Protein chains: 2
Amino acid sequence: MPDAVAGKWHTPCAKCPLRALKHFREFSADELDFVSRFKAGELSVERGATILVEGTHSPHIYTVLSGLGFRYKLLEDGRRQIMNYAFPGDLLGLQGVLMGELDHSVEALTPITLCVFERSKLESLFERHASLAYDLTWIAAREERILDEHLLSIGRRSALERTAYLLSYIHQRGNAVAGSGGAKKIIPLTQQHLADTLGLSLVHTNKTLRRLAERRLIRWQDGGCEVLEADELLRVSGWEGLKETARPFI
Amino acid sequence: MPDAVAGKWHTPCAKCPLRALKHFREFSADELDFVSRFKAGELSVERGATILVEGTHSPHIYTVLSGLGFRYKLLEDGRRQIMNYAFPGDLLGLQGVLMGELDHSVEALTPITLCVFERSKLESLFERHASLAYDLTWIAAREERILDEHLLSIGRRSALERTAYLLSYIHQRGNAVAGSGGAKKIIPLTQQHLADTLGLSLVHTNKTLRRLAERRLIRWQDGGCEVLEADELLRVSGWEGLKETARPFI
DNA sequence: CGATGCCTTGAGTGAATTCAACGCTTGTGG
DNA sequence: CCACAAGCGTTGAATTCACTCAAGGCATCG
C-alpha cells in the first residue's frame with residue numbers, strides 16, 4: 001500500500017504530478033500498481049550536485065520528478081561535452097544498468113528530485129509488463145533521436161543556427177512539462193553550459209548569444225536565458241521543432 | 001518450417017553466419033524459433049542504394065546480414081551529417097517503427113544484405129519474449145552510447161583526434177564482425193563520407209588524413225582507408241576503444 | 001571589502017573554410 | 001579506340017570563422 005510509506009516519500013506514484021500533464025500518456029491501473037512497487041524512494045539534491053558518475057556502476061535508475069539536470073562526458077584534460085538535458089519525466093541511468101558501467105555523468109542544474117528505481121526489479125518489468133518494456137525501448141529510441149539532431153547541429157549547423165537550435169530545443173522541452181502558468185521561463189544555465197553543449201568556446205558562445213540578443217530573440221537575465229521570440233528563433237535555427245504526442249515515462 | 005521458404009531466402013536464421021561469431025550472444029532454441037518466424041525475408045541492395053528515407057513510414061525493421069551502411073540526416077540546403085555506420089548484426093529502422101516517422105535516412109556503403117522483419121510482429125515480441133525485448137532495449141541503449149561518444153568527438157576533440165577516433169571506431173567495429181581472416185581490411189568509404197561524419201570540410205578532412213598518413217598510421221588505397229597502426233591511431237584519438245562483450249542481435 | 005563566479009569586450013592568432021584548379025581513374029558513347 | 005564526362009583525391013591561396021589571451025565590470029557572498 002502506498003500509504004505505508006507515505007511518510008518517507010513526498011510523492012506516491014498514484015498522485016504523481018507528471019501524470020496530470022497532457023504531455024504524458026495514460027497509465028492503466030495495472031501499470032500504475034507495478035510502477036508503485038518498482039519505485040524504491042526519492043532523491044533530492046542541490047544545484048551543482050553530481051547524480052551519476054561516469055565509470056561507476058549504479059544500482060539505480062532515476063526518473064526526474066522535478067528540476068533540471070544535464071548529461072555530460074569529460075576528456076582527460078578536462079574538456080567537457082554536454083550531451084543532453086534531463087527534464088521532468090526523463091529517465092536517467094538506463095544505459096548504465098543495461099550495459100554495466102556508466103559512460104557519462106549527470107549533474108543537477110537546479111535543485112532536483114528524482115524517483116529511484118532498483119535495477120534488480122527491471123527483469124520482472126520485462127517479464128511481466130510488456131507495455132512498460134515497450135515504453136523503455138521507446139524512451140531509449142527517443143534519446144537516440146534527440147542525439148541525432150544534436151549531432152546534426154554540432155556537425156553541420158553554423159554557430160548562430162546551432163545556438164538558436166539549442167535554445168529552441170530547451171525552450172520547447174521546458175514548455176512541454178511546464179504547468180500552464182504563463183510566467184516567464186528563464187532557462188537556468190550559464191554560458192559555459194551552452195558552450196559545452198554547442199562545441200564552441202565560451203567567448204564565442206557569448207558573442208553568438210549577443211547577436212541573438214541584438215535581434216531581440218533572447219535576453220540574458222538573472223543567470224539564465226529568456227526566449228523572447230520562440231518562432232523566429234526556431235526559424236533561424238532551421239530546425240523543425242519537437243513533434244511529440246503523448247509520451248510514456250516510468 | 002524454415003525449409004518451406006528456403007528457396008526464397010539464402011540464409012535461414014538457424015544457419016545465420018553471424019551466430020557463429022563469438023561477438024554475439026547465444027540464442028536459446030525458443031528465441032531462435034521466434035526470430036525465425038519474425039523474419040519476413042531478405043533484401044539485397046547495391047552500393048549507393050537508399051534503404052530507408054527520412055520522413056517516411058517504414059513497415060519493416062532490418063538487421064544487417066552482410067555489408068556496410070550508414071545513417072544520415074540532411075539540412076534543407078544539402079548539408080549532410082552522418083550519424084553512424086551499420087555493420088553486420090546492427091538493427092536499422094527501430095526508431096521509425098516505434099515513433100512513427102523516420103528521422104534519418106540509411107544508405108548502403110557496400111553491397112548489403114538485410115534481414116527483413118515486420119513491425120506488426122513487434123508487439124508479440126514484447127509480449128511473449130521478454131529476453132528479446134530486453135535485447136531491443138539494450139541495442140537502443142548501445143546506439144545511444146555510441147552517439148554520446150561521437151558527440152564528444154565532434155564537439156570537443158580536435159580535427160586530428162576526431163579523425164583518428166572515427167577511423168579507430170570503424171576499424172574496431174569492422175574487426176569485431178570480421179571472420180578471423182587476416183586479410184587487409186580496407187574501410188570502403190570516400191573522404192566525403194568521413195568529412196560528413198566528422199563535421200569537417202572535405203578539404204580539411206583530406207589534409208588531416210594526410211597528416212595521419214605521413215605518420216604511417218593509415219594509408220589511402222583503392223578507394224578506402226587502410227589502418228596501419230591501430231594502437232597508435234587509438235592513442236592519438238584519446239579514446240578508450242570499444243568495450244563490448246557478447247552482444248545481442250535480432 | 002576582498003574573494004569568487006559569471007558575463008563582456010577587444011586584440012591577435014590559429015584553425016578550418018571556401019575557391020579554384022589539376023591529375024588520375026573509370027566508364028561511356030561515338 | 002579515342003574523346004569526353006564524371007567522380008574522387010590532392011594542393012595552394014585567400015578568406016572567414018572561431019579560438020586563445022587578456023582584461024574589466026558587475027554582481028554575490030563570506
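The structure presented is a predicted model; accordingly, all values stated were derived computationally and were not measured. Numbers restart at 1 for each chain; the letters A, B, ... are given by sequence-line order, proteins then strands.
Under a cut-off of 6.0 angstrom, the local environment of CG in B:D231 is sparse, with at most 12 non-hydrogen atoms contributed by other residues, nucleotides or ligands.
The distance from atom CG of B:D77 to atom P of C:dT18 is 11 Å, rounded to the nearest whole Å. Rounded to an integer number of Å, the gap from CZ of B:R47 to P of C:dT26 is 14 Å. The separation between B:R79 atom CZ and C:dT18 atom P is 10 Å, rounded to whole Å. Separating the CZ atom of B:R162 from the P atom of C:dA15 is a distance of 13 Å, rounded to the nearest angstrom. B:Q191 places its CD atom 14 Å from the C1' atom of C:dC24, with the value rounded to the nearest Å. Rounded to a whole Å, the CG atom of A:N206 is 14 Å from the P atom of C:dC6. In this structure, the CD atom of A:Q192 is 9 Å from the P atom of C:dC6, given to the nearest Å. What separates NZ of A:K207 from P of C:dA11 is a distance of 10 Å, to the nearest Å.
Summarising the geometry, atom CG belonging to B:L189 is positioned 7.5 Å from atom CG belonging to B:L166; distances are rounded to the nearest 0.5 Å. Rounding to the nearest 0.5 angstrom, the gap separating the CG atom in B:L233 from the CG atom in B:L217 is 5.5 Å. The distance from the CG atom of A:D148 to the CD atom of B:E143 is 7.5 Å, given to the nearest 0.5 Å.
A:Y169 pairs in a side-chain hydrogen bond (donor to acceptor under 3.5 Å, both in side chains) with only one of the listed residues (A:H171, A:R173, A:Q172), which is A:R173.
Contact annotation for A:G199: backbone-only contact, meaning every heavy-atom pair under 4.0 Å involves sugar-phosphate atoms and none involves a base. Within the nucleic acid shown, B:L209 has no heavy atom closer than 4.0 Å to any nucleic acid atom. At a threshold of 4.0 angstrom between heavy atoms, the contacts of B:L202 with the nucleic acid are absent. If you check every strand for non-hydrogen atoms under 4.0 Å, B:G224 touches nothing. Within the nucleic acid shown, B:S201 comes within 4.0 Å of at least one base atom, counting heavy atoms only.
Salt-bridge check for A:E161 with A:R156: failed, with every basic side-chain N at 4.0 Å or more from each acidic carboxylate O.
Nearest-nucleotide positions on DNA chain C for A:R156 and A:R210 put A:R210 closer to the 5' end.
Ring geometry, A:Y165 versus A:W239: the interplanar angle exceeds 60°, so the pair is classed perpendicular (tilted spans 30 to 60°).
Once you apply a 4.0 Å limit to the heavy atoms of chain A, the touched nucleotides of DNA chain D run 5' to 3' over D:dA18 to D:dC21.
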